[in-house]
Number of protein chains: 4
Amino acid sequence: MPSRSPKSSTLGRPANPEARAMRREQILRGARACFRRKGFHAASTAEISAEAGVSVANLYQYFPTKDHLIKALIEEDLTSDLDLVGMVEAAGSFRRGLEMTTQLVLADPAMTDDGLLRLEVLAEASRNPEIAAVVREADDHLVAALGALIVRYQNSGEIHPEINAADAARLIVSLYDGLIGRLAFGAAAETELVAAADSFIVRALAAVRAVPDPDM
Amino acid sequence: MPSRSPKSSTLGRPANPEARAMRREQILRGARACFRRKGFHAASTAEISAEAGVSVANLYQYFPTKDHLIKALIEEDLTSDLDLVGMVEAAGSFRRGLEMTTQLVLADPAMTDDGLLRLEVLAEASRNPEIAAVVREADDHLVAALGALIVRYQNSGEIHPEINAADAARLIVSLYDGLIGRLAFGAAAETELVAAADSFIVRALAAVRAVPDPDM
Amino acid sequence: MPSRSPKSSTLGRPANPEARAMRREQILRGARACFRRKGFHAASTAEISAEAGVSVANLYQYFPTKDHLIKALIEEDLTSDLDLVGMVEAAGSFRRGLEMTTQLVLADPAMTDDGLLRLEVLAEASRNPEIAAVVREADDHLVAALGALIVRYQNSGEIHPEINAADAARLIVSLYDGLIGRLAFGAAAETELVAAADSFIVRALAAVRAVPDPDM
Amino acid sequence: MPSRSPKSSTLGRPANPEARAMRREQILRGARACFRRKGFHAASTAEISAEAGVSVANLYQYFPTKDHLIKALIEEDLTSDLDLVGMVEAAGSFRRGLEMTTQLVLADPAMTDDGLLRLEVLAEASRNPEIAAVVREADDHLVAALGALIVRYQNSGEIHPEINAADAARLIVSLYDGLIGRLAFGAAAETELVAAADSFIVRALAAVRAVPDPDM
DNA sequence: TATGAATGAGCATTCATTCAT
DNA sequence: GATGAATGAATGCTCATTCAT
């Protein structure tokens, strides 16, 4: 006799957490698509449910409120941002790591759409303190990780030792965010500018005077 | 049947254009306040009218659609951005101009609210091609003006001659946008980071190796 | 030049309070019909609007909430209850006044429907303190008026002098309410019982031993 | 193909009827609590199930419809009303029996809540003929029993012989219902009025002129 | 039997917009 | 020009009920 949930011995249909998690993801996927297309406030729960292939009522069994759905989506997105730092870390040099990251954040078409969502997230954070807290926390992690990385490259001599690592990290993230903003209105953020961004950062931080890239 | 009013010979348009323009501004002012507080889609025409002190129906005599109102507001905001370039121009050195601009864009509390609206604008531009065109055009002007300025300082030797001025202009604007994004979630964009941003830009563009600021 | 509202000299369409009051009544009439048929909670705003012949949105320009509509309706109904006391007063004797009132409250088919609404009102009062307050206030007025009347008939010798007039008033009202309750399930509250009720009250209050009615 | 379970020869109904009855009661108990708090229509099946400690789906295995649940609850409540008659019967005198009953119906806090449900029942009866029939039947029983009792006390000389016993019974029940209505909006139905009610009834029915109570 | 999961229909309320004055 | 009044079409969310396990 296998031991089961300690609460009820007269079990009905057993709960299936995996199926639940999958549904949740399914709904979040649909929500993401709608939010990208319309923004948080213009996307209706009806649209989201349809896109996700579930009923409206079902959606509400997974998220008690549209705001909860938005918050959950944002949390999911933000935690994935930390992976970026891993890329810089894995690369041999700071410059090479930057190039890989920039490529990923700005050039990958899949990421591009997520980037556009970032504007919505920031806009929402400016009104909803709960969202602001979530974004702030994710930002703290990201800045800390990137700052630590910068310190490492300061020690290796690639980055100027007198630069404040935390501020530099914040500025790099800001530059990324700003570039994402350019995607929003279809400005040329493509290959050319992306490369220029890398050089811009490297030159701002470099320990020794770097010759500017020809393409910048 | 009375003959035409002897006052206006200009046939059929008795309206006072100045009063009309004032009302228009009045409505736009109310709209701006509401849009800041709630975003474009969450702010209702009723709210906007109330804030502006006019009736809803009156609003519709100046803007045929809420979308038109949004577009008009965005156009107004964007054209004012060009003034910033004038500041850099007026200052004696590039660095000093940057400092003044940064101060204005990021530290002035009145501007800060406008900054937050910028996120909405970019988000909206990512969905509405008409808005995107408006933003793109304003961006082109801004980048051109800032680029010309950079060229000037390249000629004067303050900025490295091999840097692509247009790209540099785009990156500077991006950095500003990104920093505005930080305001949205209450991150420390205050004095400290603002100063660091100036140094960051200067170091990235400088003709000669600058010693990093102590505060960066 | 006639003086107008002191606020705005540049008048738009002038407000028409009479038309507004009529619409309000129209909506309340529709609401009463629906509430009788279905009860407060089962009647939908859509139904009410349709019955009243207005749009749902229009209803909400007169009552900010369904609860406000319910409360307004209850208030209107309750204030009309005081008219009943006038009937007893106008009649020559207490017994005659009672007969007229009973007839009106219980036998008039138009009133009968309103009576059924009374059950809803009391039920709602048991949950909604705001409604309870409204009902309590109306009850206080009714009991006071009826009590004063009883005192008058005590002085004229028709009602026993040692009876507490306020309690007697409350009991009479209670008996009416209870009889209204019988209408709800179609019990015989018709002529027969109505006459018996009058005798019941008269015998309970009479100064001298009355011979019971043959029909009681 | 396995042969029938040897346990039950009674073909196909393996269920434990006692356990079933207990569950049924458990659900009815939860329903009663919810209905008191919110009324029949505002209480949701989800709330009821939660209050009863069962799943929603389980509720539906005992009652095919929310309306069936309501009806079952009403039937259960109404049959218990007949017990009241027993109290009057057990008491030595009519007056004493009344006092005990009144006390129970109006002063017992547990009964008070049930009383409030009575308003809901009557209101529902006014719309749902099926409910009306149930209430009517219970009322017939109650009136018959109380009428028989009155006849008994007419024979013993305590109640005036010319009074119509059935009508008197109906009026007594009506007065109780009306007093219950007063509980709904928190009117003073407390001890004072309860005592007055007893005197009121006694005086209305008494064979000989009774001196009014000092407290009435 | 009993439960978790799912859903169509509906609910109170709001919105952008129009019309009449 | 400006306003009060009106409305069709949503919107976020809930409900009674069913199905699968």
Side-chain angles (χ1 to χ4, degrees), chain A residues 5 8-17 19-20 23 41-49 54-67 69, chain B residues 14-16 19-20 23 41-49 54-69, chain C residues 5 7-17 19-20 23 41-49 54-69, chain D residues 14-16 19-20 23 41-49 54-69:
Chain A
S5 137
S8 67
S9 52
T10 320
L11 217 42
R13 177 177 175 177
N16 184 346
R20 256 196 101 75
R23 260 275 146 115
H41 287 299
S44 72
T45 53
E47 259 178 302
I48 295 170
S49 316
V54 304
S55 69
V56 181
N58 197 206
L59 183 155
Y60 275 88
Q61 284 191 332
Y62 288 82
F63 302 95
T65 275
K66 194 188 170 188
D67 278 350
L69 173 57
Chain B
N16 176 351
R20 242 194 113 74
R23 263 273 147 114
H41 288 297
S44 72
T45 53
E47 256 178 305
I48 293 169
S49 317
V54 303
S55 70
V56 185
N58 198 207
L59 183 156
Y60 274 87
Q61 282 188 328
Y62 289 83
F63 303 95
T65 277
K66 193 188 171 189
D67 279 348
H68 282 79
L69 173 58
Chain C
S5 136
K7 182 65 170 297
S8 68
S9 52
T10 321
L11 215 44
R13 176 177 177 177
N16 184 345
R20 257 196 100 75
R23 260 273 148 115
H41 288 299
S44 72
T45 53
E47 259 178 303
I48 294 170
S49 316
V54 303
S55 70
V56 183
N58 197 206
L59 183 156
Y60 273 88
Q61 283 191 333
Y62 288 82
F63 302 96
T65 275
K66 195 189 170 187
D67 278 351
H68 282 78
L69 174 57
Chain D
N16 177 351
R20 243 194 112 73
R23 263 274 147 116
H41 287 298
S44 72
T45 53
E47 256 178 305
I48 294 170
S49 316
V54 304
S55 70
V56 184
N58 197 207
L59 183 155
Y60 274 86
Q61 282 187 328
Y62 289 82
F63 302 95
T65 275
K66 194 188 170 188
D67 279 349
H68 282 79
L69 173 58

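Keep in mind it's a predicted model, so treat the numbers as computed, not measured. Just so we're on the same page: letters track the sequence lines, and every chain starts at 1.
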**Asked** How long is the line joining CD of D:Glu47 and C1' of F:dA16, in whole Å?
**Response** 13 Å
**Prompt:** So, the side chain of A:Ser44 versus the backbone of A:Glu47: is there a donor-acceptor pair under 3.5 Å, distance only?
**Reply:** yes
**Prompt:** Could one point to a donor on the side chain of A:Arg13 or the base of F:dA20 with an acceptor on the other under 3.5 Å away?
**Reply:** yes
**Residue-phosphate contact under 4.0 Å: A:Thr65 side-chain N/O, F:dC13 OP1/OP2** = yes
**Request:** Taking all heavy atoms of B:Gln61 and all of B:Arg20, pick out the closest pair and write down the distance.
**Result:** O-NH2, 2.9 Å
**Asked** Between C:Phe63 (CZ) and E:dA12 (C1'), how many Å, whole number?
**Response** 16 Å
**Prompt:** Any idea which heavy atoms bring B:Tyr60 and B:Thr65 closest together, and the distance?
**Reply:** CE2-CA, 4.3 Å
**Item:** Whichever of C:Ala46 and B:Ala42 has its nearest DNA chain E nucleotide further upstream toward 5'
**Value:** C:Ala46
**Request:** Could you check which nucleotide pairs with E:dT21 in any of the strands shown, counting Watson-Crick or G-U wobble with both distances under 3.5 Å?
**Result:** F:dA2
**Complete:** Rounded to whole Å, NE2 of C:His41 lies from P of F:dC15 at a distance of 12 Å
**Closest nucleotide among F:dC13, E:dT21, E:dG8 to the A:Ala57 side chain** = E:dG8
**Fill in**
Note: for D:Thr45 and C:Asn58 on DNA chain F, the residue whose nearest nucleotide lies more 5' is C:Asn58
**Prompt:** Mind checking who F:dA16 pairs with, Watson-Crick or G-U wobble, both distances under 3.5 Å?
**Reply:** E:dT7
**Request:** Determine whether any donor atom in the side chain of A:Gln61 lies under 3.5 Å from an acceptor atom in the base of E:dA5, or the reverse, and answer yes or no.
**Result:** no
**Asked** At under 4.0 Å between heavy atoms, what does D:Tyr62 touch on the DNA or RNA strands: base, sugar-phosphate, or nothing?
**Response** sugar-phosphate
**Fill in**
On a heavy-atom basis, the closest approach of C:Ala43 and C:Lys66 is O-NZ, 2.8 Å
**Message:** Donor-acceptor pair, distance only, cut-off 3.5 Å: does the side chain of D:Ser55 make one with the backbone of D:Asn58?
**Reply:** yes
**Separation of atom NZ in D:Lys66 from atom P in E:dA9, rounded to whole Å** = 20 Å
**Asked** Between E:dG8, F:dA2, E:dA12, which one does the side chain of A:Ser55 approach most closely?
**Response** E:dG8
**Prompt:** Taking OH from D:Tyr60 and C1' from E:dT1, how many angstroms apart are they, rounded to a whole number?
**Reply:** 18 Å
**Fill in**
Out of E:dT17, F:dA6, E:dT7, minimum distance to the side chain of C:Arg23 belongs to F:dA6
**Request:** Starting from C1' on E:dC15, measure out to CG on B:Asp67 and report it in whole angstrom.
**Result:** 13 Å
**Request:** May I have the distance from C:Arg20 (atom CZ) to F:dA6 (atom P), rounded to whole angstrom?
**Result:** 7 Å
**Request:** Using a heavy-atom cut-off of under 4.0 Å over every strand shown, decide if C:Ser44 touches base, sugar-phosphate, or nothing.
**Result:** sugar-phosphate
**Request:** Could you say whether C:Asn16 or A:Ala43 is positioned toward the 5' end of DNA chain F, judged by the nucleotide with the nearest heavy atom to each?
**Result:** C:Asn16
**Request:** Would you mind reading off the distance between B:Leu59 atom CG and F:dG4 atom P, rounded to a whole angstrom?
**Result:** 14 Å
**Side chain proximity check, D:Leu69 to D:Ile48, heavy atoms < 4.5 angstrom** = yes
